[in-house]
Amino acid sequence: MRLPGVNGLDFQRELADGGVRIPIIFITGHGDIPMTVKAMKSGAVEFLTKPFRTRTCWTPSIRLWIVTG
């Protein structure tokens with residue numbers, strides 16, 4: 001969620017405002033429930049918190065996006 005000069009939610013909004021439609025997966029060590037809800041309602045495919053196990057990151061929603069794009 002913390003990026004140089006912008007946070008992840010702002011960046012997600014900038015992409016949407018610019019018409020960029022790509023699957024967004026948030027991976028953060030600084031997330032909370034309200035942030036997760038906002039990201040998902042804004043179109044995020046997944047919201048993972050660190051640390052996470054590699055197996056955990058391949059959730060059904062991520063697999064679906066990989067297969068169908």
Side-chain angles (χ1 to χ4, degrees):
M1 297 306 296
R2 296 179 182 173
L3 302 169
V6 68
N7 73 44
L9 293 173
D10 291 340
F11 186 60
Q12 180 186 30
R13 185 177 56 251
E14 287 176 18
L15 289 172
D17 290 349
V20 178
R21 303 285 182 241
I22 59 171
I24 297 174
I25 301 167
F26 283 95
I27 300 174
T28 184
H30 305 284
D32 56 25
I33 292 172
M35 190 180 298
T36 304
V37 171
K38 185 172 183 177
M40 298 301 284
K41 283 186 173 184
S42 296
V45 174
E46 191 62 74
F47 194 102
L48 303 172
T49 56
K50 291 190 245 179
F52 64 89
R53 295 183 309 176
T54 304
R55 275 181 205 247
T56 304
C57 90
W58 297 111
T59 65
S61 58
I62 294 173
R63 286 187 187 128
L64 176 65
W65 275 103
I66 290 170
V67 172
T68 62

Rounding to 0.5 Å, atoms CD1 (I25) and CD1 (I22) come to a distance of 10.0 Å
Before giving the answer on side chain to side chain contact (heavy atoms under 4.5 Å, CB included), spell out for F26 and T49 the whole-Å C-alpha distance, their side-chain angles and the decisive distance to 0.1 Å. CA-CA 8 Å; F26 283 95; T49 56; over 6 Å; no
Set out, in order, the CA-CA distance, both residues' side-chain angles and the distance that settles side chain to side chain contact (heavy atoms under 4.5 Å, CB included) for K50 and T28, then state yes or no. CA-CA 6 Å; K50 291 190 245 179; T28 184; 5.5 Å; no
Please say yes or no: joined through hydrophobic side-chain contacts below 4.5 Å, possibly via intermediate residues, are I33 and L9 part of one cluster?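 No: no chain of side-chain contacts under 4.5 Å links I33 to L9.
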Report yes if the side chains of V45 and I24 come closer than 4.5 Å at any heavy-atom pair, otherwise no.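 Sidechains of I24 and V45: no contact.
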Return a table of donor-acceptor pairs under 3.5 angstrom between the side chains of residues 35-43 and protein atoms on other chains or two or more places apart.
unit_1 : atom_1 : unit_2 : atom_2 : d
T36    : OG1    : D32    : O      : 2.9
S42    : OG     : K38    : O      : 2.9

Under the salt bridge (Lys or Arg N to Asp or Glu O under 4.0 Å) rule, what pairs show up with a residue in residues 12-26, not counting sequence neighbours?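 Every pair satisfying salt bridge (Lys or Arg N to Asp or Glu O under 4.0 Å) with a residue in residues 12-26: D10-R13.
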